[in-house]
Amino acid sequence: MILELYRDTPTNCTLGNLYADGIWKTFTLEPLEPIPAGEYPVTMEYWAKKDDYYPLLGNVVGHTGIYIHSGNFVTDTHGCILVGLRKAVDSILDSRLALAEIKSIIKGSLEYEEVSIKISDYIKE
């Protein structure tokens with residue numbers, strides 16, 4: 001399965017939209033200077049800081065520990081990708097609900113196929 005993240009034009013942060021199998025799933029929020037656009041493998045890995053398993057992007061040049069996790073503001077990103085079901089000015093909301101859905105989708109897909117995320121610096125039309 002390929003997740004697709006389409007970024008909006010950055011403001012004080014980088015907002016976007018995340019799709020799974022072509023279907024919109026969540027809004028995203030990243031730092032103003034996010035990781036480079038590209039395609040990255042996604043696995044579910046234990047994150048000691050959160051004491052749970054989270055989606056982790058692999059092979060990100062110059063970066064380690066890029067997770068998909070919950071949070072509302074750019075200060076919550078720590079360089080990672082946040083997900084939410086609603087967005088507001090420079091923030092996203094209902095992040096825990098969105099994360100639960102994304103984790104479920106990724107975990108289920110990993111049982112029978114590889115998962116990757118394709119990140120694009122333009123809006124999906």
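Start at 1 with the first residue, then count along the sequence. Atom set for the values below is all heavy atoms of this structure, side chains included, hydrogens, waters and symmetry mates excluded. In this text the structure is predicted, and so the values were computed from the model without any measurement.
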**Message:** Is there a continuous path of hydrophobic side-chain contacts, each under 4.5 Å between heavy atoms, that joins Val60 to Val83?
**Reply:** yes
**Prompt:** When the ring centroid of Tyr53 is compared with that of Trp47, is the distance short of 6.0 Å?
**Reply:** no
**Spatial distance of atom OG (Ser70) from atom NZ (Lys103) [nearest 0.5 Å]** = 8.5 Å
**Message:** Rounded to the nearest 0.5 Å, what separates atom CD1 in Ile81 from atom OH in Tyr67?
**Reply:** 13.0 Å
**Prompt:** Between Leu32 and Val74, is any pair of side-chain heavy atoms under 4.5 Å apart?
**Reply:** no
**Message:** With a 3.5 Å distance limit and no angle check, can you tell me whether Ser116 reaches the backbone of Pro41 through a side-chain donor-acceptor pair?
**Reply:** no
**Message:** Under the criterion side-chain contact (heavy atoms from CB on, under 4.5 Å), I'd like the reasoning laid out for Lys25 against Ile102: C-alpha separation, chi angles, the key distance, then a yes or no.
**Reply:** CA-CA 8 Å; Lys25 295 296 175 184; Ile102 292 302; 3.9 Å; yes
**Prompt:** Just by modelled atom types, is the Pro31 backbone N or O under 3.5 Å from a matching donor or acceptor in the Thr14 side chain?
**Reply:** yes
**Message:** Side chains of Thr77 and Glu30: any donor to acceptor distance under 3.5 Å?
**Reply:** no
**Item:** Side-chain (Asp51) to main-chain (Ala48) donor-acceptor, under 3.5 angstrom
**Value:** no
**For Gly84 against Ile92, the heavy-atom pair lying closest together** = N-CD1, 3.5 Å
**Prompt:** Rounded to the nearest 0.5 Å, how far apart are OG of Ser120 and CD of Glu39?
**Reply:** 9.5 Å
**Prompt:** In this structure, are over 12 heavy atoms from other groups packed under 6.0 Å from Glu113 atom CD?
**Reply:** yes
**Euclidean distance, Glu101 CD relative to Leu18 CG, rounded to 0.5 Å** = 9.5 Å
**Message:** Give me the atom names and distance for the closest heavy-atom approach of Leu85 to Phe27.
**Reply:** O-CE1, 3.5 Å
**Item:** Joint cluster assignment, Leu3 & Tyr112, ILVMFWY side-chain distance < 4.5 Å
**Value:** no
**Asked** Do the charged groups of Lys87 and Asp94 touch, with an N to O distance under 4.0 Å?
**Response** no
**Request:** Take atom NZ of Lys50 as the centre, draw a 6.0 Å sphere, and report whether it contains more than 12 heavy atoms from other residues, nucleotides or ligands.
**Result:** yes
**side-chain contact (heavy atoms from CB on, under 4.5 Å) assessment of His78 paired with Lys49** = CA-CA 12 Å; His78 308 289; Lys49 177 182 176 183; 3.8 Å; yes
**Asked** Tell me, do Ile117 and Leu5 make a side-chain contact under 4.5 Å, heavy atoms counted?
**Response** yes
**Request:** Output, in order, the C-alpha distance, side-chain angles, deciding distance and verdict of side-chain contact (heavy atoms from CB on, under 4.5 Å) for Trp24 and Asn17.
**Result:** CA-CA 7 Å; Trp24 183 88; Asn17 290 277; 2.8 Å; yes
**Asked** Atom OG1 in Thr26, atom OH in Tyr19: separation rounded to 0.5 Å?
**Response** 10.0 Å
**Message:** Looking at Glu114, I'd like to know if its CD atom is crowded, meaning that more than 12 non-hydrogen atoms belonging to other residues, nucleotides or ligands lie closer than 6.0 Å.
**Reply:** no
**Rounded distance [0.5 Å steps], CD1 in Ile106 versus CD in Glu111** = 13.0 Å
**Item:** Heavy-atom closest contact (Leu57 atom, Ile35 atom, distance)
**Value:** CD2-CD1, 3.7 Å
**Asked** Is there a path from Leu99 to Leu82 through hydrophobic residues (I, L, V, M, F, W, Y) whose side chains come within less than 4.5 Å of each other?
**Response** no
**Complete:** Which of Thr28, Leu15, Asp121 passes side-chain contact (heavy atoms from CB on, under 4.5 Å) with Asp8? It is Leu15
**Non-hydrogen side-chain atoms of Leu110 and Met44 separated by less than 4.5 Å** = yes
